[in-house]
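This chain uses plain numbering: 1 for the first residue, then up along the sequence. In this text, all values refer to a predicted model and were calculated from it rather than measured experimentally.
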Amino acid sequence: MSAANGIRGLIARQYSAALREYLEGRGEEALRRAYEAGRRGMAGGMGVLEMTAVHRRALKRTLRNARGSARDFAILQALSCLEESLSPFEMVLRGVRESNSRLRQSLLKLKNVNVKLSAARDAVESERRRYHVLFDFAPDAYLVTSLDGVIREGNAAAAALLDCPKEALPGKSVADFISGAERAKFLDRLTEFQNGGTGRIDEWHLAIQASSRPMFPGVLTAALERDEPHEPSLRWLIRDATERKRLEQKRARSLVDHAKAQAARRFEFLARASSLLAESIDVEASLIAVARLSISYLAEWCFLSLVEGDAGPRQLEVAHADRRAFELAEQLRRFCLFRSTSLGKPADLFTAGKMIDEISPEWCAAAGENPMHAALLRHLCGRSAMIVPLRMHDRLLGLVTFVSRPGRGRYRAPELAMVEDLARRCAMAVENARLYREVIAERDKAEKASRAKDEFLAILSHELRNPLMPVVGWTRVLKNHAVIAQDPELSEGVRSMERSAQTLARLVEDCLDLACISEGRIRMERKTTDLNQIVVGCLESVREMASMKGVRIEHKIAPDPAPVEGDPVRLEQVITNLLVNGVKYTHAGGTVAVTCNGLDGQARVEVADSGIGIHPAFLGQIFEPFRRGTNSWLTHESGLGLGLAIARRIVQMHGGRIWAESKGLNCGSTFRMVLPLAKTESAAPETDRAAHASALNVKGAKVLLIEDSEDILFLVKMELEQMGHSIVTASDGVSGLRQARLHRPDVVISDIKMPGIDGYELIREIRAIPELCGVPAIALTGFGAKNDFDKAAAAGFDACISKPAEPEELSALIHTLTTQKHAIKA
Ligand code: ADP
């Protein structure tokens with residue numbers, strides 16, 4: 001017998017004993033014990049039937065032993081006990097029924113859920129299939145990989161892009177398709193997913209190397225996907241960026257082209273505006289042209305005004321592109337923008353360009369001259385505007401306002417920069433025009449002053465020449481007179497007079513030269529001449545002066561000629577001036593050293609003295625007219641300060657250069673002159689002296705001398721008579737004409753400025769007389785300028801000579817003219 005059966009038997013006995021006691025009437029306590037035993041029996045695994053069998057057995061035994069009422073009582077007790085025992089069953093039954101119906105409901109629900117679940121499963125399955133179709137037929141390349149980039153799945157596009165059969169993709173690594181150069185970097189970055197550093201990488205630009213395809217630029221996007229309980233994966237989108245790159249490049253190129261076109265247009269506009277500003281000296285006309293030009297480039301309206309001094313703006317132009325707005329423009333021209341603006345003074349208001357996004361009625365009211373102007377301006381409301389000042393050195397010179405076309409949008413910074421550039425150019429043109437006007441006014445003033453000075457110098461020199469001529473002539477005559485020559489005192493006095501007269505004559509010449517030079521009227525001969533010879537001649541002429549002062553002259557003249565193309569007299573004037581200065585500004589005992597040579601295509605003359613030297617501050621001004629140093633080093637010998645100014649001009653006219661060097665005061669000075677050597681060497685020119693010499697041998701001519709100055713008349717008559725000529729005189733033009741008719745002279749010599757009829761009229765009259773029309777005529781004039789000579793030639797004179805004239809020079813001229821006349825006759 002098993003332990004379980006033993007317990008069941010025990011419980012059955014305990015139950016039977018307690019039930020019998022209850023049935024015999026021993027009370028509720030016995031019934032409770034029977035229950036307790038029954039409960040334990042059921043809990044210990046005894047079935048209901050088994051318990052019922054125990055119960056029946058206990059009941060049977062009790063009924064068997066009981067009799068009469070005890071039996072009835074026992075039966076009643078047994079029935080009530082059955083009743084009591086059945087009620088839990090009843091309760092259980094009911095509970096079972098209830099549970100049963102709830103179970104049925106749950107089952108129903110379960111069925112429903114199951115239906116739904118299977119529908120969902122179907123939907124998921126169809127989604128999965130759809131996804132696969134989409135995945136496979138997607139135009140872009142998709143890959144699913146592990147976190148270390150090993151491909152699990154790839155679509156057809158990925159297979160095509162990576163040039164690998166679709167089925168061969170799984171197991172390969174994405175890294176296998178990345179170009180070798182970028183692979184390490186790629187793998188490095190991939191670890192970010194593994195470390196949890198990132199969940200997504202967008203627009204990853206990598207060069208992709210598919211097996212047989214050339215390498216191409218790829219753009220990759222990778223996103224991490226966690227799908228528990230599955231392994232996390234990476235989803236890849238790979239695109240070929242070749243086309244995108246090409247489009248980007250094309251776009252960049254077209255942007256560049258567009259920018260270039262814009263810049264070219266801007267450049268063209270500014271260039272055209274600049275040439276308009278430059279091509280006319282009428283700046284206002286140029287500005288108007290620029291305003292009109294601007295409307296074809298960047299505006300529909302352009303308002304241009306100028307600001308002069310403290311006056312408000314003055315409207316110069318209202319240019320417009322819209323022909324239909326002709327009337328509006330006409331009306332707007334009657335006013336001026338910002339003339340009486342409430343915004344402030346234009347000079348303070350417009351220090352830089354301004355942009356107005358949209359013209360508003362308020363702006364019109366503020367910028368307009370008056371309400372009527374504001375009302376007209378309101379036609380431009382809603383458009384964009386730019387206002388740029390024309391400024392120069394913080395001064396406002398004008399204003400330009402550009403108004404855009406309607407609907408064109410607002411002006412932008414590049415356009416403002418361009419019109420600011422334009423405004424700068426316009427301002428410069430306005431300023432240049434102002435400066436030009438000032439310069440012209442100054443120049444006119446200076447020219448007037450210069451003309452007055454030249455006129456004064458010309459008149460002065462003329463007036464000085466007349467009295468000088470007898471002084472110079474008579475000292476020459478007296479010097480050789482026997483009475484004077486025998487008296488040492490008188491002859492020294494006459495020599496002194498002669499020197500002073502010559503100095504005076506030189507000053508007069510200088511003044512006249514300067515006047516001629518400044519007017520470009522200097523007479524300049526051009527012939528090949530040997531500069532060495534000129535220097536030798538000049539040395540001779542200053543030797544006496546130097547020895548008198550005790551200054552030694554040294555020279556080094558090259559043996560070969562130094563031929564130059566030029567005027568020997570003028571070149572002699574320059575070199576003499578240098579030599580005379582050297583002697584003048586050197587103390588007794590000093591030296592003046594002269595060198596002259598022709599080297600490397602240049603003829604050079606150098607005059608170096610050991611004299612007083614030149615102050616460095618003065619060195620740069622020494623060739624300016626009337627510059628004479630300062631009193632501290634001026635000597636009583638200083639002249640007018642014209643010699644070097646004339647010298648420089650003469651040298652420049654010969655295509656040469658002259659300059660001075662000095663280490664300072666008391667250090668001596670060196671003057672250097674270079675002239676271009678003449679190309680062809682020609683025979684040494686005949687000097688004027690030779691011509692004079694031959695003139696001295698001429699046979700005497702019959703000369704009619706007409707001169708209103710008795711002193712000059714007397715002197716010249718005497719000098720020419722001494723040279724073998726026979727002289728008839730007249731003291732004015734009228735008597736000169738009479739004498740000409742009467743005496744039929746070989747030559748006529750006439751003054752120009754005379755009372756009654758002057759020299760010009762006289763010669764014209766003579767040329768009108770048939771028997772005198774061919775007579776050679778010489779003008780002897782105090783005027784020495786080129787145009788005086790030209791005027792004399794135009795009137796009918798054959799030659800012109802300025803006072804004071806040397807008798808030899810005059811005689812040589814008489815000879816030349818009479819010989820020419822005879823040659824023509826023959
Ligand atoms: P001028 O000698 O008649 O004054 P120049 O034009 O010949 O006029 O010379 C101008 C000035 O240059 C002179 O006044 C003198 O101060 C200075 N100068 C010219 N030559 C020399 C020189 N050799 N040494 C020093 N100063 C000189």
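With Asp758 contributing its side chain and Ile752 its backbone, the two residues share no donor-acceptor pair below 3.5 Å. In terms of modelled atom types and a separation under 3.5 Å, the side chain of Asp609 and the main chain of Gly611 share a donor-acceptor contact. Looking at Asn532, its side chain does come within 3.5 Å of a backbone N or O of Ala558 through a donor-acceptor pair. No side-chain donor-acceptor contact under 3.5 Å links Ser496 to the backbone of Glu492. Within the 3.5 Å criterion, the main-chain N or O of Ala593 finds no donor-acceptor partner in the side chain of Thr591. Side-chain N or O atoms of Ser662 include one that pairs as donor or acceptor with a backbone N or O of Ile614 at under 3.5 Å. With Glu707 contributing its side chain and Ser709 its backbone, the two residues share a donor-acceptor pair below 3.5 Å. Judged by distance alone, the side chain of His654 and the main-chain N or O of Asp567 form a donor-acceptor pair under 3.5 Å. Under a 3.5 Å cut-off, the side chain of Lys663 and the backbone N or O of Gly668 do not form any donor-acceptor pair. At distances below 3.5 Å, at least one donor-acceptor pair connects side-chain atoms of Lys702 with backbone N or O atoms of His743.
The distance from atom CD1 of Ile534 to atom CG of Leu539, rounded to the nearest 0.5 Å, is 12.0 Å. To the nearest 0.5 Å, atoms CD1 (Ile658) and CG (Leu644) are separated by 6.5 Å. Summarising the geometry, atom OG belonging to Ser750 is positioned 5.0 Å from atom CG belonging to Leu762; distances are rounded to the nearest 0.5 Å. The line from CE of Met673 to CD of Gln602 is 11.5 Å long, rounded to the nearest 0.5 Å. Rounded to the nearest 0.5 Å, atoms CG (Leu742) and OG (Ser735) are 11.5 Å apart. To the nearest 0.5 angstrom, Phe623 atom CZ is 14.0 Å from Arg649 atom CZ.
Using a 4.0 Å cut-off between a side-chain N of Lys or Arg and a carboxylate O of Asp or Glu, Lys445 and Glu442 qualify as a salt bridge. Classification of Glu565 and Lys527 as a salt-bridged pair fails, no side-chain N sitting under 4.0 Å from a carboxylate O. Salt-bridge annotation for Asp798 and Arg767: present, with a side-chain N of the basic residue lying under 4.0 Å from a carboxylate O of the acidic one. The residues Arg672 and Glu606 are annotated as salt-bridged, a charged nitrogen and a carboxylate oxygen being separated by less than 4.0 angstrom. In this structure, Glu761 does not pair ionically with Arg764, as no charged nitrogen and carboxylate oxygen lie closer than 4.0 Å.
Contact between Leu817 and Ala799 at its shortest, heavy atoms only, is CD1-CB, 4.3 Å. The shortest heavy-atom contact between Leu599 and Leu677 is N-CD1, 4.2 Å. Nearest approach of Val472 to Ala501, heavy atoms of both residues: CG2-CB, 3.8 Å. Across every non-hydrogen atom of Ile814 and Ala701, the tightest pair is CG2-CB, 3.8 Å. Scanning both residues, Phe797 and Ile778, for their nearest heavy atoms gives CD2-C, 3.6 Å. Scanning all heavy atoms of the two residues, the minimum distance from Ala660 to Ile622 falls at CB-CG2, 4.3 Å.
A 6.0 Å sphere centred on CD of Glu489 holds no more than 12 heavy atoms belonging to other residues, nucleotides or ligands. In this structure, Glu771 places its CD atom where more than 12 heavy-atom neighbours from other residues, nucleotides or ligands lie under 6.0 Å away. Residue-environment remark: CD (Glu710) stays at or below the threshold of 12 foreign heavy atoms within 6.0 Å. The environment of CZ in Phe714 is sparse: at most 12 heavy-atom neighbours from other residues, nucleotides or ligands sit within 6.0 Å.
A cation-pi arrangement, defined by a distance under 6.0 Å to the six-membered ring centre and an angle within 45 degrees of its axis, is absent between Arg476 and Trp474.
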Practice problem: Could you go through the side chain to side chain contact (heavy atoms under 4.5 Å, CB included) check for Glu498 and Lys479 one step at a time? | Solution: CA-CA 9 Å; Glu498 190 186 26; Lys479 194 171 72 179; 3.1 Å; yes

Subject >> Worked check of side chain to side chain contact (heavy atoms under 4.5 Å, CB included) between Ile766 and Val775 >> reply: CA-CA 8 Å; Ile766 287 177; Val775 66; 3.8 Å; yes

Requested in this report: Would you check, one step at a time, whether the test side chain to side chain contact (heavy atoms under 4.5 Å, CB included) holds for Val651 with Leu675?
Outcome: CA-CA 7 Å; Val651 172; Leu675 294 174; 4.0 Å; yes

- Show your reasoning for whether salt bridge (Lys or Arg N to Asp or Glu O under 4.0 Å) applies to Glu554 and Arg552. CA-CA 7 Å; Glu554 295 171 355; Arg552 203 171 58 253; 3.3 Å; yes

Exercise. What's the verdict on side chain to side chain contact (heavy atoms under 4.5 Å, CB included) for Val477 and Met718, showing C-alpha distance, side-chain angles and the deciding distance?
Worked result: CA-CA 9 Å; Val477 173; Met718 189 195 71; 3.1 Å; yes

Checklist line | From CA spacing to verdict: side-chain hydrogen bond (donor to acceptor under 3.5 Å, both in side chains), Ser811, His725 | finding: CA-CA 9 Å; Ser811 182; His725 302 289; 3.1 Å; yes

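Side-chain contact between Val703 and Val728 is absent, with no heavy atoms from C-beta onward closer than 4.5 Å. A 4.5 Å side-chain heavy-atom check between Ile706 and Leu780 finds every atom pair outside the cut-off. Looking only at side-chain heavy atoms (C-beta outward), Val605 and Val535 come within less than 4.5 Å of each other. Gln573 has its side chain within reach of Ile646: a pair of non-hydrogen atoms, C-beta onward, lies under 4.5 Å apart. Counting heavy atoms from C-beta outward, Glu808 and Glu719 have side chains that stay 4.5 Å or more apart. Taking 4.5 Å as the limit, every side-chain heavy atom of Met653 sits out of range of all side-chain heavy atoms of Arg570. Under the 4.5 Å side-chain criterion, counting only non-hydrogen atoms from C-beta, Arg437 is not in contact with Ile440. Contact annotation: the side chain of Pro755 approaches that of Asp708 to within less than 4.5 Å [non-hydrogen atoms, C-beta and beyond].
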